[in-house]
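Letters A, B, ... are given to chains in the order of the sequence lines, protein chains preceding strands, and every chain is numbered from 1. Heavy-atom basis, side chains included; hydrogens, waters and symmetry copies ignored.
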Amino acid sequence: MTTLDTRLRDLRARRKALVPYFVGGLTSDWTTYVAAAIHAGADVVEVGVPFSDPMMDGPVIQEGALRALGNEATLESICHELAVAAFEVPIVVMTYFNVLHHFGLERSAELLGASGVAGVIVPDLAIEEATPWREVATAADVATVLMVAPSSPIERVRRIGEQSQGFVYAAARMAVTGRASDVGDAARVVQSVRSVCDTPTYVGIGITTPEHASDAGAFSDGVIVGSALVQRILDGASAHDLEGSISSFRLALDTTAREA
Amino acid sequence: MTTLDTRLRDLRARRKALVPYFVGGLTSDWTTYVAAAIHAGADVVEVGVPFSDPMMDGPVIQEGALRALGNEATLESICHELAVAAFEVPIVVMTYFNVLHHFGLERSAELLGASGVAGVIVPDLAIEEATPWREVATAADVATVLMVAPSSPIERVRRIGEQSQGFVYAAARMAVTGRASDVGDAARVVQSVRSVCDTPTYVGIGITTPEHASDAGAFSDGVIVGSALVQRILDGASAHDLEGSISSFRLALDTTAREA
Amino acid sequence: MGPPDEGGHFGSFGGRFVPEALMPACLELDVAFRDAWGDPTFVAQYHDTLREFGGRPTPVTYLERLSQRLGLKVYAKREDLAHTGSHKINNVVGQALLTKRMGKTRIIAETGAGQHGVATATAAARLGLACTVYMGEVDTVRQALNVFRMELLGATVVPVTSGSRTLKDAVNEALREWVTCAADTHYCIGSVMGPHPFPWMVREFQSVIGAEAASQLRDFGVTTPDFVVACVGGGSNAAGVFAGFADSSAQLIGVEAAGGSAVGLGTPGVLHGMRSLLLQDDHGQIEEAYSISAGLDYPGIGPEHAYLADLGRARYVAVGDDVVIGALQLLSELEGIIPALETAHAVAWLVNAAGDEVPAGSTVLLNLSGRGDKDVAQVRSILRGES
Amino acid sequence: MGPPDEGGHFGSFGGRFVPEALMPACLELDVAFRDAWGDPTFVAQYHDTLREFGGRPTPVTYLERLSQRLGLKVYAKREDLAHTGSHKINNVVGQALLTKRMGKTRIIAETGAGQHGVATATAAARLGLACTVYMGEVDTVRQALNVFRMELLGATVVPVTSGSRTLKDAVNEALREWVTCAADTHYCIGSVMGPHPFPWMVREFQSVIGAEAASQLRDFGVTTPDFVVACVGGGSNAAGVFAGFADSSAQLIGVEAAGGSAVGLGTPGVLHGMRSLLLQDDHGQIEEAYSISAGLDYPGIGPEHAYLADLGRARYVAVGDDVVIGALQLLSELEGIIPALETAHAVAWLVNAAGDEVPAGSTVLLNLSGRGDKDVAQVRSILRGES
Ligand SMILES: Cc1ncc(COP(=O)(O)O)c(C=O)c1O
Ligand SMILES: Cc1ncc(COP(=O)(O)O)c(C=O)c1O
């Protein structure tokens, strides 16, 4: 059990988790967006460490990563800023495997752990290849969050459920990150995760509006909101502007929970 | 024996033959060039009937043919003008076989004969294919002049010599019509013709200057001068200008004959 | 399809209408070709070169989706897969080997769009012969990339500025040049045309198409196709494929471009050393052909075709530019083969005739004479309305 | 060259680094390929299609004049004669047949210069599959004619505007698209790269090159060549030809472009679903490759090559843009074969190594991966100093 496992089980007892996603290094003041999100009620924050070839991301987050790379954001610089900020909610880093592989698995795990990062999501690291990383990450108390897809057959869901730490990332649809018009197959995916394990299960991929959050909140333990927020930042929204948006997601989730 | 045979044997007894070549229809007053040539001492005049694809002609006579075609010169129009002009020296028409073929062999022969044309040169009609034409032409008293080339082996020279009417056209070189710097292989070609027959033998292809004429006149019965004259007409020379040139060819030939 | 008579006549067509200066070269070639073609060593060398270098045998492909669409059984002989992209290589390999056998060291050729020029330059490079290609000036501009290809292959390309500056003038110029150099130079003509023995010799070198196809069709269980269809410019690919089926009951169809239809619109005449059917005006002046496909832009047709048309042994039809692009698209989409524009004429005729002149269920051998890569830029501009 | 382990590893390279959403598709493909490749009916269908449609076997040509020039015995495996002009057809025919066997109706692919895209569109047309090709926006402009070719073949070409808008981004985009449609769509990757089973499967489909070449060389009396030389982009033509000689004493040489030399300049990393050698910066960001030839413009290399390099079983060398054009000209002039710019890299290395690393008298098999028609316009501008 990593620290993230404990914290998110505690959280589940209290409320639906709201997990906004930000691209680390997208702007020079990107951590102020994280702070604002937390202020507006985020329970966990997902921070993307940019990679040149983000194959699980749609145009919005691709653009964010490109800008962050232009600002010379790196694993080290982002970890450093996270360490300095020392946010009170758990931070989960999202990045592609090559970034960790290149820096060195053990060295990455230690850096993340030492920077106070609670977990990672590595979308191109399927369970078959994950073991070496999980071992060093667990040793550094960094949870490895795994994803279940609508295409995952039940045996795979079981193995993913067994291995995922902190939470299970339930992909709402067969798609890369981006904005969408509904919550897709999320209910079915969450249900299959629930049938094999007891880990908190958050819905992501295409959660765009507070309505989506309240829909997904009805059958899951939380939602991850990425492109919808990143798009606003790309369009020039300030941390203060974002705070408003995130509050409405918070409100929607909390209302759902009360109604359930 | 055609009339041309008789006339050219007579001529041989008197002097070396000078045969200027003109493109029929090249200008609207092209027959005045013929008249001027005769005035300057031409013994025979070769008149080209233009064909779109003159494969035995170099750039100068090609250009002449193109202009004549632009002026809508045809076999009929040229024959008509020749008939009207009724030149005193023998006229030999030079054209490609398709012109005769298209008009009809018998019809062509009759037209030529009726227009007072004494002979034809058809450069793309080799002995192998010449018989049908020769028959109808001979019937119309139109001589068929054949060509011997430097590449002709002696057996072919013999057959050509036997069949050629009026004169034998001895090609001075392996080339199409055009200007040249010497009389090439003419001596050898004429010698081989002489070795097989007694027909008058004129040298053509590349005879460009009075010197060439006098060189060739030394071992042959006459010369044909084409591109050198046509080029001058293309350049704008008048019939009067041409008369001067032709006189100098005449002079050169006569001087040679006296010296021999 | 037998040999012509001794003078190179197929019925009243063919023959040898060249200046005396070229007669010895034509006669020498006739003797040399007869001798070589009767010599198993030469024949083996020809077949080996085509196999090892030229990519023969080319396959016969059953065109399943086109067949379904047309209600026919269509087989394609894939000359598009031969080296340099068309059947042209068969002929030039034969002539280049013969050139060496005759002890000549140089080869000249005419070319229109450049296909035959590229093929000739290719064979010359392979065999170490010098090569000069005559090409109408207009075509050197339209087909600048093919000029460059020939140059890459070590050939010299001479722009022809006479006459209409296109293919027929390039033939004239090559013949004029040949007059000056026949002693050490062979004129490698590009189709079943010109003076004897060219039409016959080129047909013989191309007959490998028909011979292969006949035996390959038998592997598909087809003894005799009902139709054999080929496009006709000069007529070499058609002659080559017809040769395999001359003695069969197959209907032979030659598809000309409407603007270059020597059989449909031509009359007998003499050009480029042969008597054949030609497009000509009232005075026997040769007219220019016009076709969307440069390779069919020839105002004549090989003399043997004129003869086959006379006999009724083959039928010649014409197809307008307007339907050619559609046929090219159809074959591309249904079969994954982008044909040359020339070839697309044969496809277009078949598409139109299917279920009508070509009854439903007929078995058809289509000679896929060449690939369309050379034409893609042109087709694109046409479809975009740029030309 | 044996199969990888069950997880698709060649030593420490290979594997399957893809989103969970794609894992089921990769696993399904693995099962389907193993099953098909063990099924004589499928194998026969694959070989029949390549024979009947794709132009196989391609010949081996003895390059006599080049051999003389270099003091070697050089044989060329003529993939330039395969349908669509390169070895790419071998792979796409295999994958397209497998697509149908899996009951899928659509195929997607990435392409750089367009060769693999054209080949994929071709196989899709032939087999009646829908086809979408992802191509970097920059490349769609540079290679507009290939875009049009794909469209003629009925494919949809999607310009990729992400990242550097070139090949590696096209792969990313194809993978992203595949996430959304794997249920009915197969991703037909263009080289021995990507997640398992692609590198293995593509090598198997390309190994027809080496198998044919080994037997054809024996017809020339060559049991084992001293060297087998191939250019390497992703490495599929090299893998295919090497496969025929893995168990022999032949030295295997892969020639990379100097600006895309993943073995020479790369370090281990994970991209496009595989662990291999990659060009990357200090932070693990992938760098763009640069080469005169679009087909070698890939910052990685197939994982099996990384493994063969590790083992020392094959040697990888790099050749700069500067010598490539000269090599293309040399082969064109001496042998009448204009090679693709990719292929010209292998020629360039051989020309340079002859008499040195490749001792005089050595027997060499050169894999002539493709024809240069696609490159002629580019070579022309380079030689004219226009670019
Ligand atoms: C592909 C193709 N088909 C046909 C032709 C027409 O020539 P022929 O009628 O001699 O086969 C050409 C001529 O360039 C060609 O390139
Ligand atoms: C002719 C040719 N050779 C080689 C390559 C490189 O690919 P690979 O290394 O997979 O053979 C390409 C790729 O487009 C190609 O077109």
Worked check of side-chain hydrogen bond (donor to acceptor under 3.5 Å, both in side chains) between A:His101 and D:Gln280:
CA-CA 12 Å; A:His101 183 276; D:Gln280 43 187 333; 5.8 Å; no
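- In terms of modelled atom types and a separation under 3.5 Å, the side chain of A:Asn98 and the main chain of D:Gly284 share a donor-acceptor contact.
- When all heavy atoms of D:Ile286 and A:Ser52 are compared, the closest pair comes out as N-OG, 2.8 Å.
- Between D:Leu271 and A:Phe51, some side-chain heavy-atom pair lies under the 4.5 Å cut-off.
- Looking at heavy atoms from C-beta onward, D:Thr267 lies in side-chain contact with A:His102 at the 4.5 angstrom threshold.
- Atom-to-atom distance recorded for D:His283:NE2 and A:Leu69:CG is 10.0 Å, nearest 0.5 angstrom.
- Within the 3.5 Å criterion, the main-chain N or O of D:Pro19 finds no donor-acceptor partner in the side chain of A:Asp124.
- Residue D:Glu287 does not touch chain A at all, counting heavy-atom pairs closer than 4.5 Å.
- Of the atoms belonging to D:Pro268, heavy atoms from both backbone and side chain fall under 4.5 Å from chain A.
- Here the side chain of D:Arg16 pairs no donor or acceptor atom with the backbone of A:Glu128 at under 3.5 angstrom.
- With respect to D:Glu20 and A:Arg156, a salt bridge is recorded, a charged nitrogen being found less than 4.0 Å from a carboxylate O.
- Formation of a donor-acceptor pair under 3.5 Å by the A:Ser151 side chain with backbone atoms of D:Ala21 is found in this model.
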